[in-house]
There are 2 protein chains.
Amino acid sequence: MLNETAVAALEQTGAAEPEKRIRDRGATERAILKAAKNLLAEEGFQNFGINAVARRAGCDKQLIYRYYGGLDGLVEAIGADLGSWVKDRIPEDTGGMFLLTYGDLMERLSLLFLEALRDDPLMRRIVAWEVSENTEQVRRLSEARSKALGLWLDRMRGSLAPPKGVDTAAVNALIFASIQHLVLAAAAGGQCAGLVLKNGKDWEKAATALKRLVRGVYG
Amino acid sequence: MLNETAVAALEQTGAAEPEKRIRDRGATERAILKAAKNLLAEEGFQNFGINAVARRAGCDKQLIYRYYGGLDGLVEAIGADLGSWVKDRIPEDTGGMFLLTYGDLMERLSLLFLEALRDDPLMRRIVAWEVSENTEQVRRLSEARSKALGLWLDRMRGSLAPPKGVDTAAVNALIFASIQHLVLAAAAGGQCAGLVLKNGKDWEKAATALKRLVRGVYG
DNA sequence: ACTGTTACTCACCGATTGGTGACAGACCGG
DNA sequence: CCGGTCTGTCACCAATCGGTGAGTAACAGT
């Protein structure tokens, strides 16, 4: 039997061996990072661990320790990689829109953020992780996300002056909080505070309500 | 040495033995439920398991299987116990307030809900659990919470007619979503979307913004 | 006082977790 | 060709997890 395995290894037919791990550190590092991101996006942070990542990446967990210094470093790498979120989420037709007032801007940003978060499972998991735990890992990841989001907002916002007499920081925090919780609750259970959110029609109603909310404070 | 322990047991001085477990099924059941609730409220759902609950309750985990049928039954018992949330959270001065419009009502409800959620760690953990997982346990708990919240809203709401032309279900879902996420994020990291939420002054600003948001849609 | 039921504890199981040290093979510079 | 470094694999560790079966001590009924 020892002979058989040796012969198989020498042959490298690849039929039984789906992917022969070649000797390429860069590729392995990328595979690990990709596996971690996918695992986090699909399974959530509950079963996110060294063993699970290594299993999905198809390599030994020892390599995660060697290349990323353990789970913490890997999470940090995910956070650093989160910067790519910004350039993927900038629509091209910003010039074609006429954002005359702060209300126009916030309405557009809210809807864009809603849509962006709705089809980005990784980002959703990170947000859910943020409100569930307070470890060093999460703190780093949260910081990276906040930074990426801030950068995104900067890119989207023109040079519109915010209205006076309104605590825009607090109001906007509430608006974005509502969007995040809505999307998270919908992704988890298909509804939020009794409001069913499954098909496109449900989401249209939510978007209309969101517009109304934004227009209510920002004219 | 065997003599020593025997003597100690007979003496029941209680100095070395903090709490001698007496033979009382009802008390034990209550101790388990209380331990589970406290554990969930303090530690979160991450380290919530049979062993941890039994450890905190100071009894053997076997009793949890016997009395509650495992963790699932225990979680269900927590959910059933959640009904007590309603009667604890109904202010006594409802008669003293004059809620003339739907806007008055929603403003008051929003602020009450914000305050209630802010000093109820167990409820916070459950909400965080809801948006993080989708197991049967969480689903049951979520249903119980939703029911309790609905009952609370019914008790608080008079017979005010909602305004026409507004999707109150969607708008209210957004409002409550914003409150929940704000409180959760604050409890986890002390801030929400860049808005620091630590001392009372911060929360006053948030409450003002919330009022403005509600008044914006409901006049 | 004997008996059976109830309340409770203990010891063990297999599986999985995070983590580490030792080893095998490919590659490269000398 | 040889020795060292780099990449990857494997075996093992203690700890913890959920779960179960067997055993013990206190009580109640007769």
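A, B, ... follow the sequence lines: proteins, then strands. Residue 1 opens every chain.
Ion pairing of A:Asp167 with B:Arg212 is absent here, as no side-chain N (NZ or NE/NH1/NH2) approaches a carboxylate O to less than 4.0 Å. A:Glu29 and A:Arg25 are joined by a salt bridge, as a carboxylate oxygen and a charged side-chain nitrogen come within less than 4.0 angstrom of each other.
Looking at heavy atoms from C-beta onward, A:Arg89 lies out of side-chain contact with A:Leu112 at the 4.5 angstrom threshold. Two residues are said to be in side-chain contact when any heavy atoms from C-beta on lie closer than 4.5 Å; A:Val86 and A:Ile90 meet this criterion. Side-chain contact check for B:Arg145 versus B:Leu141: every heavy-atom pair is 4.5 Å or farther apart. Between A:Phe45 and A:Ile126, the closest side-chain pair of non-hydrogen atoms is not below 4.5 Å.
Residue A:Thr28 places none of its side-chain N or O atoms closer than 4.0 Å to OP1 or OP2 of D:dT7.
By the salt bridge (charged side-chain N to carboxylate O under 4.0 Å, His left out) test, B:Arg157 pairs with B:Asp154, sequence neighbours left out.
Looking at residues 67-79 of chain A, you'll see that no heavy atom sits under 4.0 Å from any atom of DNA chain C.
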Please report, to 0.1 Å, the donor-acceptor pairs under 3.5 Å made by any side chain of residues 49-59 of chain A, with sequence neighbours excluded.
unit_1, atom_1, unit_2, atom_2, d
A:Asn51, OD1, A:Lys61, NZ, 3.1
A:Arg56, NH1, A:Glu42, OE1, 3.2
A:Arg56, NH2, A:Glu42, OE1, 3.0

Sequence neighbours left out, cut at 3.5 Å: what donor-acceptor pairs do the side chains of residues 70-81 of chain A make with other protein atoms?
unit_1, atom_1, unit_2, atom_2, d
A:Asp72, OD1, A:Gln137, NE2, 2.8
A:Glu76, OE1, A:Arg140, NH1, 2.8
A:Asp81, OD2, A:Lys37, NZ, 2.6

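In this structure, A:Phe48 atom CZ and C:dG18 atom P are separated by 10 Å, rounded to whole Å. Between B:Ile22 atom CD1 and D:dA26 atom P the separation is 13 Å, expressed in whole Å. For the pair B:Ile32 CD1 and C:dA7 P, the interatomic distance rounds to 12 Å; values are reported in whole Å. A:Asp24 has its CG atom 16 Å from the C1' atom of C:dG25, to the nearest Å. Taking atom OH of residue A:Tyr65 and atom P of nucleotide D:dA11, one finds them 18 Å apart after rounding to whole Å.
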Under 3.5 Å, which protein N or O atoms sit close to an N or O of nucleotides 14-17 of chain D? Give each pair with its distance.
unit_1, atom_1, unit_2, atom_2, d
D:dC17, OP2, B:Arg55, NH2, 2.9

Dump the pairs, protein N or O against N or O of nucleotides 21-25 of chain D, anything under 3.5 Å, distances to one decimal.
unit_1, atom_1, unit_2, atom_2, d
D:dG21, O6, B:Gln62, OE1, 3.2

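Relative to the six-membered ring of B:Trp203, B:Arg118 meets both conditions, a distance below 6.0 Å and an angle of at most 45° to the axis.
For the atom pair B:Asp60 CG and B:Thr28 OG1, the distance stands at 11.5 Å (nearest 0.5 Å).
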